[in-house]
Structure formats: C-alpha cells, structure tokens
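For reference, the structure discussed in these notes is given below.
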Amino acid sequence: EGEYIAVLGHNGSGKSTLMKLINSMIAPKAGKITLGYNIKIGYYDQEHQGLDGSNTVIDELWNCFPDKTQTEIRSVLAGFQFTSEDVFKTIDVLSGGEKARLTFAKLMLEKSDLLILDEPTNHLDAPSREVLENALSEYDGTVLCVSHDRYFVKKLATRIFEMRTDGCFDFAGDYEAFVEYKNK
C-alpha cells in the first residue's frame, strides 16, 4: 500500500515545480529525477488540460477506456456524482468542480501507481471534496499532493514534505504529528 504525501510550503517555495519535475513536464537544471521501474503516473492540475471540451462526460471516459462497458463507466461516473442526464453534458458547459470530479474519475480508472495532485480541492464544493477524499482513501497507490487545504491534508496525509529555502524537510507522520513537532 502506498503513502499519502502532502507537500507543504509557502507560495513560491517550489511545490508545483517539484510536481512538474517528477512528472517530466519540465527538465531539471541540475541533477536528475529517477522513478521506480515501470511507475505509471496520474497527474491532476487545476486547468484540467486532459479533458476535451467537445466530448460528453460519458464519451470522455469511454474514449479513454474503450474496454469498459457502459455500466462500468456509468458506475464510476455515479461515484463522482454524475448521474442520469449529467453524463450527456458536454465538458465545456461543466463547472470547475464538475470538471475536477471528471478528471478524478479518469485518474481513478487509469490505475496509476503514483498520483500527483496539484491543489486538488481548489474549486471543489463540500460534496465534491468528500467524493475526492473517499476515492483517495480507497486508492492503494502513492499520492503526492500539493495543498493549502489543511483539513484535506489532515484527513489523508501519512507523510509531510515541507518545502523550505534550505531544501525539503521530510516528516514521516500525519499532519497533526507534524504540527506538534513544529511547535516543539
């Protein structure tokens, strides 16, 4: 079973840059990034760049996972609060929260070993956050997540990376233990 690693730090401390380096979206200026053998990465960013605005919700998943039946696709979509006629909406009319939920549904179907999440709870309403928290609590891979949402981090994190001006502090423990450690 994987870990849920929360990456914390002030704005501009390099959190999003770290995520992009690990996901090979940018090249390191020095050194190199080495992942484990055959690691499949799922990446979530706030822009939902992986969605085709002209697709319907159901077609977005079906196009990516043609081996799944309609029942399987609709079941996953229902788990992310897309039911009945919602599945026939085109992506370009969805709210930011709905696009986020659809992106998470795709990520869960991809069966990645490592999920990289950059501010996943931004633009989510409370029910959507709960859906995401439930999906992540059942995910058995490793999650690397940048978030300023302390409630979200407190609920899920098993390890903390704190980005500092002098490097990265690695704390093996949950958020409450991390805060307690910092206060000592």
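Here the structure is a predicted model, which means the values were calculated and not measured. Throughout, residue positions are numbered sequentially from 1 according to the sequence presented.
Taking Ser75 as the reference, nothing meets the side-chain contact (heavy atoms from CB on, under 4.5 Å) condition, with sequence neighbours excluded. With sequence neighbours excluded, no residue satisfies side chain to side chain donor-acceptor pair (under 3.5 Å) with Asn134. Residues forming a salt bridge (charged side-chain N to carboxylate O under 4.0 Å, His left out) with Glu98 (at least two apart in sequence, or on another chain): Lys89.
Counted by atom type alone, Asp149 and Ser147 present zero donor-acceptor pairs between their side chains at under 3.5 Å. Using a 3.5 Å distance cut-off with no hydrogens or angles, the side chains of Arg129 and Thr121 do not pair a donor with an acceptor.
Using a 4.5 Å cut-off on side-chain heavy atoms (C-beta onward), Val57 and Leu94 make contact. Within the 4.5 Å cutoff, side-chain heavy atoms of Ile58 are placed close to those of Gln70. Side-chain contact check for Asp113 versus Thr142: every heavy-atom pair is 4.5 Å or farther apart. Residues Leu51 and Thr103 form a side-chain contact, since some pair of their non-hydrogen atoms from C-beta on lies under 4.5 Å apart. In this structure, the side chains of Leu114 and Ile22 come closer than 4.5 Å at one or more pairs of heavy atoms. Proximity of Ile41 to Ile39: side-chain heavy atoms (C-beta onward) are separated by under 4.5 Å at one or more points. Side-chain contact between Ile116 and Val146 is absent, with no heavy-atom pair separated by less than 4.5 Å. In this structure, the side chains of Arg164 and Ser13 stay at 4.5 Å or more apart for every pair of heavy atoms.
For Trp62 (side chain) and Asp67 (main-chain N/O), no donor-acceptor pair under 3.5 Å exists by modelled atom type. Looking only at distances, no side-chain donor or acceptor of Asn23 sits under 3.5 Å from a matching main-chain atom of Met25. Checked by atom type and distance alone, the side chain of Ser112 pairs as donor or acceptor with a backbone atom of Gly42 at under 3.5 Å. Proximity of a side-chain donor or acceptor of Thr158 to a complementary backbone N or O of Tyr4 within less than 3.5 Å is detected.
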(request) Apply salt bridge (Lys or Arg N to Asp or Glu O under 4.0 Å) to the pair Arg74 and Glu72, showing each step before the final yes or no. (result) CA-CA 6 Å; Arg74 286 183 81 109; Glu72 289 171 317; over 6 Å; no
(request) Decide yes or no on salt bridge (Lys or Arg N to Asp or Glu O under 4.0 Å) for Arg159 and Asp170, but give the supporting numbers first. (result) CA-CA 8 Å; Arg159 187 173 190 165; Asp170 179 4; 2.5 Å; yes
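Of all heavy-atom pairs spanning Thr56 and Val87, the tightest one is CB-O, 3.8 Å. When all heavy atoms of Val131 and Gly79 are compared, the closest pair comes out as CG1-O, 3.3 Å. The two residues Met163 and Cys168 have their closest heavy-atom pair at SD-SG, 4.0 Å. Nearest approach of Asp118 to Ser16, heavy atoms of both residues: OD2-OG, 3.0 Å. Here the closest non-hydrogen pair linking Val7 and Lys15 is O-CD, 3.7 Å.
Within a 6.0 Å sphere centred on NZ of Lys40, other residues, nucleotides and ligands contribute more than 12 heavy atoms. For NE2 of His148, the number of neighbouring non-hydrogen atoms (other residues, nucleotides, ligands) closer than 6.0 Å is greater than 12.
No single ILVMFWY cluster, assembled from side-chain heavy atoms under 4.5 Å apart, contains both Ile5 and Tyr151.
Gln81 contributes atom CD, which lies 8.5 Å from atom CD of Glu130 (distance to the nearest 0.5 angstrom). Note that CG of Asn55 and CG of Leu61 are 9.5 Å apart. Values are rounded to the nearest 0.5 Å. The structure places CG of Leu107 at 7.0 Å from CG of Leu117, a figure rounded to the nearest 0.5 Å. Cys64 SG to Leu109 CG: the interatomic distance, rounded to the nearest 0.5 Å, is 9.0 Å. Note that CG of Leu156 is 6.0 Å distant from CG of Leu136, once rounded to the nearest 0.5 Å. Here Ser54 contributes atom OG and Asp92 contributes atom CG; the two are 7.5 Å apart, rounded to the nearest 0.5 Å.
Listed by first then second residue, pairs satisfying ring pair (Phe, Tyr, Trp, His ring centres under 6.0 Å) with a partner in residues 74-113 read Tyr44-Phe104, not counting sequence neighbours. Applying the salt bridge (charged side-chain N to carboxylate O under 4.0 Å, His left out) test to pairs two or more places apart or on separate chains, those with a residue in residues 54-64 are Glu60-Lys106.
In the hydrophobic clustering, Phe178 connects to Leu8, Val153, Ile160, Phe169, Phe171, Tyr175, Val179, Tyr181, either directly or through intervening members, whenever side-chain heavy atoms lie under 4.5 Å apart.
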